[in-house]
Engineer: 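Quick one: this structure, given as structure tokens, is what I'll be asking you about.
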Number of protein chains: 2
Amino acid sequence: MSAQRRPTMADVAALAGVSLSTVSLTYSGAGPISPDMRARVEKAAADLGYAGPSLRAQALRSGRSRVVGLVIPERLQFALRDPFTLRVLDALIGDLGEMGQGVLLLPFPSAESTEPNLLGTASMDAAVLMRVRDHDEPALDILARRDLPFAIVEGTAPGAAAITIPDRRATADLIRHLVELGHERIATVTLPRQTRGVTQVYEGELLAGALWTPTRNRLAAFDEAGVTPCVVIESGASMVEEGVAAGHLAFGHPSKPTAVVCQSDLLAGGVVLAARELGLNVPEDVSITGFDGLDLPWLQPLDLTTVPQDGAAKGHLIAQGVKALLDGDEPPVIELPLEIRIGNSTARAAR
Amino acid sequence: MSAQRRPTMADVAALAGVSLSTVSLTYSGAGPISPDMRARVEKAAADLGYAGPSLRAQALRSGRSRVVGLVIPERLQFALRDPFTLRVLDALIGDLGEMGQGVLLLPFPSAESTEPNLLGTASMDAAVLMRVRDHDEPALDILARRDLPFAIVEGTAPGAAAITIPDRRATADLIRHLVELGHERIATVTLPRQTRGVTQVYEGELLAGALWTPTRNRLAAFDEAGVTPCVVIESGASMVEEGVAAGHLAFGHPSKPTAVVCQSDLLAGGVVLAARELGLNVPEDVSITGFDGLDLPWLQPLDLTTVPQDGAAKGHLIAQGVKALLDGDEPPVIELPLEIRIGNSTARAAR
DNA sequence: CCCAGAAATCGAAACGTTTCGAATCGAGAG
DNA sequence: CTCTCGATTCGAAACGTTTCGATTTCTGGG
């Protein structure tokens with residue numbers, strides 16, 4: 001009455017009266033199989049309700065799981081809140097799917113918990129780290145111990161594939177643009193330094209400690225442009241809400257900034273909202289820049305001056321890096337080109 | 001010089017001078033192992049750089065991959081654009097992670113392509129469908145053929161676990177609320193009917209054809225409330241942009257609606273933007289309702305009348321359903337309770 | 001001093017494929 | 001009529017674990 005046990009290739013072979021290897025050859029497509037033999041095997045499989053070769057057995061035998069791990073920093077809820085990240089992942093997952101690779105979502109290993117983490121225990125062929133701390137990244141140790149090949153997005157590590165962007169240079173271009181417009185007091189709102197936190201004025205040495213690479217690069221851009229920000233505000237997360245909070249901190253700061261460089265469009269959008277709440281006009285009273293080139297319909301008719309990134313292209317590049325890893329090639333280092341785009345959120349500094 | 005081959009348990013056993021099974025017992029934690037034996041094995045493993053038991057072999061032997069497939073309708077980029085979905089997935093993935101299960105992202109199998117889809121070829125222990133068409137859902141066939149246990153969110157199928165919401169009743173409550181406020185011409189903006197499309201006035205029979213369950217339920221609410229919508233607009237996707245387009249269609253429609261029932265907050269937000277563009281005040285000139293209870297900071301001080309859903313709770317319930325499936329229990333049917341929340345986006349109909 | 005029984009360790013049989021070399025079968029060449 | 005050569009099909013050995021029953025080693029009671 002009940003299906004005792006899933007049928008296996010051996011069952012199919014027995015019913016068809018052929019050898020196990022013949023059935024395997026039929027399914028794998030390797031080796032020559034005569035048409036009538038193929039028909040016989042397929043008939044037997046259908047009669048038995050055989051669901052095809054066991055993927056677990058294939059994985060063991062072939063040494064490949066057809067799974068790529070995707071390590072997401074912090075909570076999904078915040079990490080994927082960003083439409084830009086979604087575009088990247090969309091392209092990445094699509095490409096990997098075409099390569100026959102599934103994408104396994106891995107919550108970031110929290111430093112405190114020593115309990116076995118999925119990153120250490122999930123079966124996969126390669127991993128992609130969406131972000132990395134520039135010192136002491138715990139995930140790297142785990143991957144190294146398992147000697148899994150991996151790719152890092154916006155970051156580098158010895159032996160890893162890297163997909164980077166020239167965000168330092170692009171941000172410096174943004175700053176130079178503001179300087180040319182006569183701005184002298186420029187505030188900046190950063191991405192979180194290490195993990196989700198609280199939006200606050202940042203007091204410490206600018207580039208001290210372990211930072212996430214993008215945060216560091218975009219801060220370093222001020223050095224490159226030869227400008228010292230009049231106030232640095234660290235956001236708790238790249239979200240509109242935090243941008244609003246950051247905006248209030250910036251405009252309430254005694255240094256009276258006339259421009260705000262934000263490390264993401266979402267933050268910039270929040271800063272615009274804060275400005276409006278305070279009765280400041282953008283760009284007449286304050287200039288605001290973003291990063292990523294998001295489409296924010298609720299900001300219209302304002303069009304942010306920003307650094308657009310092609311999310312789909314980035315996703316494709318990551319997939320390309322992963323492919324190299326899977327093929328056993330030398331881990332590539334790939335850069336996505338970037339240029340700033342002047343919108344109408346920046347203008348000549350008010351006298 | 002080079003590591004020829006990853007060491008296996010057999011290598012560790014040989015070096016430690018013990019049997020293979022003893023090493024296995026040491027790692028799996030089953031069976032009694034004396035402290036000095038454990039030390040000896042661990043020493044040998046360390047000397048060899050043994051990275052722990054092969055997960056592929058474990059999967060074959062135990063029959064479990066520790067992977068749950070997550071089938072996402074349409075493109076990730078659009079499906080995850082919704083912060084509510086993100087909250088659900090965040091909780092779900094966290095819970096599954098604690099259960100030692102990874103989450104494999106599966107692009108929806110497109111009907112046209114017959115090429116092997118990941119849903120059919122990825123190794124997993126169970127699957128979660130985030131949405132389902134109420135007839136002819138191709139994904140169901142694939143899963144049935146593989147006889148994988150699976151859970152459906154906002155939908156049902158024989159033999160599947162189901163996590164549902166009383167969205168028909170809740171939407172009907174919303175409609176009754178509008179009727180009490182004196183509204184007689186109520187428009188509605190639906191989620192896409194089957195897949196991403198174009199925002200347009202819907203002309204056909206209201207509940208004809210295969211619809212996604214939530215779309216159907218929330219349309220059926222009009223029947224339940226005894227109201228006929230004066231115009232039905234089908235959105236191309238649950239996004240603000242599409243809501244703006246839908247709003248223009250609604251307010252430009254000859255039926256002159258005084259209220260718009262939107263099947264998501266994102267759509268409602270877009271309709272609000274459209275109203276503002278047309279110089280209509282919310283709620284004085286038009287009342288607008290949403291669904292989900294999103295936090296939309298850019299809408300302030302407007303506070304949508306909507307049906308809040310607790311995303312985290314929903315995620316936890318799904319995880320609970322998956323757990324039952326993995327334990328081999330009877331597939332449960334679970335409902336998340338829902339109540340409407342009156343905000344300030346609805347008011348008495350203008351005379 | 002012998003023996004039952006607990007504690008620790010070991011052997012061998014799965015788990016379900018893929019793959020490589022060997023075996024079989026006709027058919028056309030000599 | 002026999003030999004050789006493709007075209008197929010078959011056997012057996014992995015892949016790296018877990019697990020069950022058997023074996024060995026002690027410990028303490030009688």
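Just so it is clear, the values below take in all heavy atoms, side chains as well, and ignore hydrogens, waters and symmetry mates. Letters A, B, ... are given to chains in the order of the sequence lines, protein chains preceding strands, and every chain is numbered from 1. Bear in mind the structure is a predicted one, so any value in this text is a computation, not a measurement.
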Engineer: Among C:dA8, D:dC10, D:dT17, which is the nearest nucleotide to the side chain of A:Val18?
Structural biologist: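 Within the option list, the nearest is D:dC10.
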Engineer: Nearest-Å distance, CZ (A:Arg38) to P (D:dA7)?
Structural biologist: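 Going from A:Arg38 (CZ) to D:dA7 (P), I get 16 Å.
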Engineer: With a 4.0 Å limit, can you tell me whether A:Tyr27 has a side-chain N or O closer than that to the phosphate oxygens OP1/OP2 of C:dG16?
Structural biologist: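 Negative; the distance criterion is not met.
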Engineer: Checking side chain to side chain contact (heavy atoms under 4.5 Å, CB included) between A:Ile152 and each of A:Leu140, A:Thr213, A:Thr164, which is the one that passes?
Structural biologist: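 So the option named by the test is A:Leu140.
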Engineer: Would you mind checking if A:Glu154 and A:Lys314 are paired as a salt bridge, meaning a charged N to carboxylate O distance below 4.0 Å?
Structural biologist: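 Here A:Lys314 pairs with A:Glu154 in a salt bridge, since their nearest N and O are under 4.0 Å apart.
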Engineer: In whole angstrom, give the distance that lies between atom CD of B:Gln58 and atom C1' of C:dG16.
Structural biologist: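 Rounded to whole Å, this separation is 17 Å.
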Engineer: Within the side chain of A:Asp125, is there an N or O that forms a donor-acceptor pair under 3.5 Å with the backbone of A:Arg64?
Structural biologist: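 No; zero donor-acceptor contacts below 3.5 Å.
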Engineer: Rounded off to whole Å, could you give me the CD1-to-P distance for the A:Ile33 and C:dC25 pair?
Structural biologist: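 Interatomic distance, CD1 of A:Ile33 to P of C:dC25: 17 Å.
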Engineer: If I take atom CE in residue B:Met9 and atom P in nucleotide C:dA12, what distance separates them, rounded to the nearest angstrom?
Structural biologist: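 Rounded to whole Å, this separation is 18 Å.
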Engineer: Could you tell me whether A:Pro53 contacts a base, only the sugar-phosphate backbone, or nothing, with contacts defined as non-hydrogen atoms closer than 4.0 Å?
Structural biologist: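 Here A:Pro53 touches the backbone only, sparing every base.
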Engineer: For the pair made of CZ in B:Arg64 and P in C:dG16, what is the distance, rounded to whole Å?
Structural biologist: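 In whole Å, C:dG16 P lies 14 Å from B:Arg64 CZ.
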Engineer: Roughly how many Å is it from CE in B:Met37 to C1' in C:dC10, rounded to a whole number?
Structural biologist: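 Distance, rounded to whole Å: 10 Å.
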Engineer: With a non-hydrogen cut-off below 4.0 angstrom, is B:Ser34 in contact with a base, only sugar-phosphate, or nothing?
Structural biologist: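 B:Ser34: backbone/sugar contact only, no base atoms under 4.0 Å.
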Engineer: Salt-bridged, B:Asp327 to B:Lys323, with N to O below 4.0 Å?
Structural biologist: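 Yes.
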Engineer: Of B:Ala57 and B:Gly17, whose nearest nucleotide on DNA chain C comes first from the 5' end?
Structural biologist: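 Result of the comparison: B:Gly17.
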Engineer: Would you indicate what A:Leu25 reaches in the nucleic acid, counting non-hydrogen atoms under 4.0 angstrom: base, sugar-phosphate, or nothing?
Structural biologist: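 Base contact.
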Engineer: Taking N and O atoms by type only, does the side chain of A:Ser21 place a donor or acceptor under 3.5 Å from a partner on the base of D:dG11?
Structural biologist: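 Flag set: donor-acceptor pair detected.
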Engineer: Does C:dT17 have OP1 or OP2 under 4.0 Å away from a side-chain N or O of A:Ser24?
Structural biologist: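 No.
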Engineer: Is any N or O donor-acceptor pair between the side chain of B:Arg61 and the base of D:dT17 shorter than 3.5 Å?
Structural biologist: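 A donor-acceptor contact between them is absent.
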Engineer: Taking CG from B:Leu60 and C1' from C:dT18, how many angstroms apart are they, rounded to a whole number?
Structural biologist: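 The answer, rounded to whole Å, is 13 Å.
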Engineer: Hey, is B:Arg6 close enough to B:Asp11 for a salt bridge, meaning N to O under 4.0 Å?
Structural biologist: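 Salt bridge absent between B:Arg6 and B:Asp11.
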Engineer: Atom CG of A:Leu20 and atom P of C:dT18: how far apart are they, to the nearest Å?
Structural biologist: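 Taking atom P of C:dT18 as the reference, CG of A:Leu20 is at 9 Å.
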Engineer: Does A:Ser19 put a side-chain nitrogen or oxygen below 4.0 Å from OP1 or OP2 of D:dC10?
Structural biologist: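 Yes, A:Ser19 has a side-chain N/O under 4.0 Å of OP1/OP2 on D:dC10.
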